[in-house]
Amino acid sequence: MDSIRIQGGIALQGKVRVQGSKNASLPVLAATLLVGEESLIRNCPRIADVYSMISLLKSLGCSVHWQKRGIAVDSSQVRRAEMPKDAVKGMRSSLCLLGALIARCSEVVMEHPGGCVIGERPIDLHLSALRQMGVEFTEEEGCLRAVSDRLHGADIALPFPSVGATENIVLAGVMAEGDTVLEGAAMEPEVSALCLFLQRCGAWIEGVGTDRLVIHGGRRLYGTDFTVPADRIVAGTYLFGCIGAGGNVLLEQAPEEEMRSVLEAAEQMGGRVYASREGIYVQAPARPAAIELVTAPYPGFPTDLQSVVLAVETRGKGRSRIRERIFENRFRVVEELEKMGASVEVDSPESVLVHGVETLQGAHVEARELRGGAALVVAGLMAEGETFVGGCPYIYRGYENIGRDFRELGARVASV
Ligand code: UD1
């Protein structure tokens, strides 16, 4: 099931439920390590990255069971803090186990974390913040060893609001001695979800949802029952899928509050969007209007939806300018879209000009990373004829079942 076949040109109709958030589930699952009791995490998506996180937690000695109600994690028996190389390589979010494990076990050995092949993705901000909190790092045979005899609070200012670094600081901070004041924190809703989970467990964190977090460390944490919010990136993918392919859809449980910049972009593209208690209704324009888009840290437009908008604008009315400000090397999808007849000029590693064409043609294309892969599926829905998207394991890292979800909306999509 490495490919997806799409018969394009069918307008989307109907409703689809939006899965739980990948980027919230992963740090929350990592945080269960700090609890030392059983926690129940509901609404985690059944995706490859969550399965990898579960195997990592198991390899560290946690008992993890996926029940009907959610994932039950009991971390009372955590024995070791050495992470299996293969699991870490495949998933950058294994990095957030670093803050949790150093807090729990005082020593961690891990390989340089992997993740999507976008940009260099350094981890300097994680390391310098944790150093300020009393962690020493050494490198041995390609592995990173972190040791801390006494984890303590610190005043930290992040020069860039890194999501992962903020999460690591929060995870280490709740267990550290004293207070941690973090200026320049990432404000992404997934950081807030992590803080809310920890607050439920008994942690004391102030400023949740702002760029200044104060974490009062050293409180005992208790197991809890927590529901992961819906995935704003998956919701956005289906929303732009509708704008590109046409039709009107209801995205059940889509988190409207967290999607302001996304809904604004959809409206600029000519879509009509209405939020209700059921979710977000989207009505597509006859053809998307061109757009000027810049990605930015939250509450700005999310980098994870940049490729999907790019794909939709290949059929836009006129020229769209798209600037990528978070990751370099995030335009790899362009080469594949060109096989479908798209006209895109990459003027720099962070900017493209998309010349909208009347129609795309189906083709054989290859996903090279998660979000670019989802963008190719959307392009396939918009194209005339049949499209085969290869490399789908990348897509399954973040989407439970993108084919099933678009089929719910009337598209002709099959896994092959
Ligand atoms: C998280 C999300 C990812 C999303 C990204 C930005 C998860 C599992 N992944 O990734 O889907 O695209 O936020 O919203 O939640 N940087 C450094 N040094 C560091 C850390 C980061 O220079 O130590 C740079 C990165 O190279 C990148 C930028 O900061 O250019 C943003 O990275 P960051 O916010 O840390 O993203 P992730 O946490 O990796």
Side-chain angles (χ1 to χ4, degrees), residues 20-31 44-45 47-50 52-53 56 88 90-100 112-132 135 137 144 146 156-172 182 184-195 211 228-229 231-234 236-237 258-259 261-262 294-309 323-331 349-350 369-375 394-395 397-399:
S21 161
K22 160 172 114 49
N23 288 354
S25 299
L26 297 171
V28 166
L29 287 169
C44 287
I47 53 172
D49 273 14
V50 167
S52 306
M53 179 59 86
L56 274 171
V88 175
M91 189 179 57
R92 182 168 165 96
S93 46
S94 55
L95 187 56
C96 68
L97 284 170
L98 179 63
H112 196 289
C116 268
V117 283
I118 38 170
E120 282 288 311
R121 307 195 90 170
I123 60 169
D124 55 314
L125 301 175
H126 300 247
L127 302 190
S128 73
L130 290 172
R131 267 192 203 105
Q132 288 181 65
V135 183
F137 292 98
L144 188 68
I156 299 169
L158 281 178
F160 178 85
S162 156
V163 174
T166 302
E167 290 167 351
N168 256 327
I169 295 164
V170 169
L171 288 163
L182 173 57
M187 297 191 287
E188 266 68 3
E190 296 76 23
V191 172
S192 300
L194 170 65
C195 293
D211 64 354
V228 167
D231 195 309
R232 65 192 171 105
I233 304 300
V234 170
T237 306
E258 303 175 358
M259 292 179 68
S261 61
V262 172
V294 184
T295 63
Y298 189 83
F301 189 88
T303 172
D304 286 347
L305 286 171
Q306 177 263 106
S307 305
V308 179
V309 171
R323 288 181 213 278
E324 172 56 61
R325 288 272 171 78
I326 308 295
F327 291 110
E328 80 258 30
N329 204 5
R330 222 177 195 188
F331 293 127
E350 56 171 49
E369 35 91 14
L370 165 58
R371 304 302 173 188
Y394 281 116
I395 302 177
R397 287 194 36 216
Y399 295 80

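Start at 1 and go down the list; that is how both ligands and their atoms are numbered.
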> Is Gly164 in polar range of ligand 1, meaning some N or O pair under 3.5 Å apart?
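Min N/O separation from ligand 1 is below 3.5 Å for Gly164.
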> Do any nitrogen or oxygen atoms of Asn23 come within less than 3.5 Å of a nitrogen or oxygen of ligand 1?
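Yes: some nitrogen or oxygen of Asn23 is under 3.5 Å from one in ligand 1.
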> For ligand 1, which is the ligand I care about here, please tell me if Asp124 has any N or O atom under 3.5 Å from one of the ligand's N or O atoms.
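Yes, at least one N or O pair falls under 3.5 Å.
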> Taking N or O atoms only and a 3.5 Å limit, does Lys22 qualify as a polar contact for ligand 1?
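For ligand 1, there is no N or O atom that lies under 3.5 Å from one belonging to Lys22.
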> Going by the rule salt bridge (charged side-chain N to carboxylate O under 4.0 Å, His left out), which residues pair with Glu190 if we only count those two or more places apart in sequence or in a different chain?
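Checked Glu190 against salt bridge (charged side-chain N to carboxylate O under 4.0 Å, His left out); matches are Arg232.
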> Checking Thr295 now: which residues fulfil side chain to side chain contact (heavy atoms under 4.5 Å, CB included) with it, not counting sequence neighbours?
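For Thr295, the residues satisfying side chain to side chain contact (heavy atoms under 4.5 Å, CB included) (neighbours in sequence not counted) are Phe301, Thr303, Gln306, Glu324, Arg325, Ile326.
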> Any N or O of Phe327 that comes nearer than 3.5 Å to an N or O of ligand 1?
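So ligand 1 has no N or O lying under 3.5 Å from an N or O of Phe327.
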> So, are Asp304 and Lys22 salt-bridged, with charged N and O less than 4.0 Å apart?
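No salt bridge links Asp304 with Lys22.
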> Nearest heavy-atom pair of Leu144 and Ile123: which atoms, and what distance?
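Minimum heavy-atom separation between Leu144 and Ile123: CD2-CD1, 4.2 Å.
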> Do Glu167 and ligand 1 have an N or O pair less than 3.5 Å apart?
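No, since none of the N or O atoms of Glu167 sits under 3.5 Å from an N or O of ligand 1.
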> Please determine if Leu125 has a nitrogen or oxygen closer than 3.5 Å to a nitrogen or oxygen of ligand 1.
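There is such a contact, yes.
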> Checking the N or O distance criterion of under 3.5 Å, is ligand 1 in contact with Ile326?
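Between Ile326 and ligand 1 (N or O atoms, distance only) the closest approach is under 3.5 Å.
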